[in-house]
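Let me begin by presenting the structure, written as structure tokens, before commenting on it.
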Amino acid sequence: MDNNKDYYGQMMAQGAVNATGAVILQSEMTIGGQRHVFVDLPGAVKEAFRRPPIGGVLKNPFPGPAKIYAGDLIEHSLGFADNSGGTIKVLKSYEVAKATAATDTAIYITRDGYHHIPFVGDNLMVGPKDFKTKGKGVLVTAVENDVQDGKDVWKVTLAETLGSLTVGTVLVEAEKAGATVSAMVTNPNCFAPCDVDMPFHALAGSDKFYAPRYLNDFCLLGTDVVMWKSRMSPIPPAVEAMNKSRYAEWWYAEN
């Protein structure tokens with residue numbers, strides 16, 4: 001399915017009458033594979049997948065069809081203190097696939113079915129060294145499928161420069177565009193125990209009242225959650241700084 005053209009979503013959102021006939025629709029799509037991101041340790045599974053008492057409403061939904069991947073880190077707020085209700089935010093991360101100069105407004109990030117998809121309207125920043133550090137957030141104005149050096153990539157056009165980027169640099173979603181802003185997620189305390197497809201999204205120009213609302217209850221992040229680093233979404237420096245594993249291949253965090 002073309003991520004840029006949600007044809008059936010638009011068709012389903014319309015009302016119609018056809019009392020004298022029928023309509024047949026035909027389509028095709030591909031469902032991606034899966035990665036076993038969690039390390040299978042004897043005795044660990046029972047305690048690893050514990051959930052908070054309530055879930056929350058997704059506050060940073062994807063602007064198009066996308067996926068939350070197993071092992072993605074989540075910021076969950078119970079919302080009891082101010083009676084605002086439970087909320088969740090996904091730590092979206094992206095890996096630079098081609099080096100760019102400080103003057104470039106077009107950047108290239110990995111496109112392989114196991115990385116988050118960038119969308120027009122997203123705000124990106126270089127992954128900070130820790131969750132307190134702020135940086136420059138830049139608006140995404142265009143996203144295209146592309147091939148660079150024989151590899152599938154997303155060509156992402158930015159509203160302004162983000163600075164020179166090297167291959168492997170990890171970008172994350174920023175809370176907004178600006179010279180000094182925080183990352184969207186600053187307190188990852190949960191994780192996704194499995195892949196979650198998110199095919200529904202608001203149509204461009206539509207009233208936000210009609211936008212879909214995702215409600216999920218993810219799992220608590222603790223020392224009994226051990227993941228293969230190579231199978232996680234790209235790990236920004238702030239997430240790597242949480243790593244307490246003594247094995248180079250594994251990742252886990254303390255409470």
Side-chain angles (χ1 to χ4, degrees), residues 1-13 25-35 37 58 60-72 90-127 137-174 177 184 192 195-206 211-212 214 230-236:
M1 181 179 291
D2 190 333
N3 289 316
N4 298 316
K5 297 178 181 178
D6 183 15
Y7 172 76
Y8 287 104
Q10 296 180 53
M11 295 301 102
M12 291 170 63
L25 300 178
Q26 180 171 298
S27 65
E28 63 178 13
M29 68 177 296
T30 300
I31 298 176
Q34 63 177 353
R35 289 178 170 177
V37 68
L58 179 62
N60 62 332
F62 295 89
K67 183 189 290 285
I68 295 175
Y69 296 98
D72 278 355
V90 180
L91 199 165
K92 303 173 187 174
S93 60
Y94 315 85
E95 183 178 15
V96 173
K98 181 180 180 180
T100 53
T103 56
D104 291 337
T105 55
I107 63 174
Y108 302 89
I109 60 179
T110 300
R111 172 170 65 95
D112 64 359
Y114 293 102
H115 288 68
H116 293 129
I117 301 172
F119 291 95
V120 172
D122 286 344
N123 295 300
L124 301 183
M125 65 186 297
V126 175
V138 178
L139 177 69
V140 174
T141 59
V143 178
E144 308 169 55
N145 296 357
D146 200 357
V147 177
Q148 292 289 324
D149 302 325
K151 297 181 180 180
D152 292 337
V153 297
W154 296 107
K155 179 182 178 182
V156 178
T157 303
L158 304 174
E160 55 183 301
T161 60
L162 191 55
S164 59
L165 302 174
T166 58
V167 175
T169 297
V170 178
L171 309 179
V172 298
E173 183 181 16
M184 176 64 72
D195 288 355
V196 179
D197 287 309
M198 314 195 85
F200 305 109
H201 60 92
L203 296 178
S206 64
Y214 283 95
S230 62
R231 298 175 184 177
M232 297 172 66
S233 289
I235 303 174

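No experiment lies behind these values; they were computed from the predicted model shown.
At distances below 3.5 Å, not a single donor-acceptor pair connects side-chain atoms of R231 with backbone N or O atoms of V37.
With rounding to the nearest 0.5 angstrom, the NZ atom of K98 is 9.5 Å from the NZ atom of K155. Summarising the geometry, atom OH belonging to Y114 is positioned 12.0 Å from atom OG belonging to S233; distances are rounded to the nearest 0.5 Å. Atom-to-atom distance recorded for I117:CD1 and M198:CE is 12.0 Å, nearest 0.5 angstrom. Annotation: the span from K151 atom NZ to R111 atom CZ amounts to 13.5 Å, rounded to 0.5 Å. For the atom pair CG of N145 and CH2 of W154, the computed distance is 4.5 Å after rounding to the nearest 0.5 Å.
Put simply, the side chain of D112 does not reach to within 4.5 Å of the side chain of D152, judged on heavy atoms. A heavy-atom distance below 4.5 Å is not found between the side chains of N123 and V140. Put simply, the side chain of P234 does not reach to within 4.5 Å of the side chain of Y94, judged on heavy atoms. Using a 4.5 Å cut-off on side-chain heavy atoms (C-beta onward), H201 and P65 make contact. Between N60 and K92, the closest side-chain pair of non-hydrogen atoms falls below 4.5 Å. The shortest distance between side-chain heavy atoms of I235 and S93 does not fall below 4.5 Å. Using a 4.5 Å heavy-atom threshold, the side chains of D195 and I68 count as separate.
Heavy-atom minimum distance, F119 versus G64: CE2-CA, 3.4 Å. Scanning both residues, L171 and V126, for their nearest heavy atoms gives CD2-CA, 3.8 Å. When all heavy atoms of V153 and A97 are compared, the pair lying nearest together is CG1-CB, 3.7 Å. Heavy-atom minimum distance, A202 versus P212: N-CD, 3.7 Å.
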Give every donor-acceptor pair under 3.5 Å between a side-chain atom in residues 100-110 and any protein atom, sequence neighbours left out.
unit_1, atom_1, unit_2, atom_2, d
D104, OD2, A101, N, 2.7
T110, OG1, E95, O, 3.4

Show the atom names and distances, to 0.1 Å, of all donor-acceptor pairs under 3.5 Å that link a side chain in residues 157-165 to residues at least two apart or in another chain.
unit_1, atom_1, unit_2, atom_2, d
E160, OE1, K136, NZ, 3.3

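Between Y69 and H116, a ring centre-to-centre spacing shorter than 6.0 Å is recorded.
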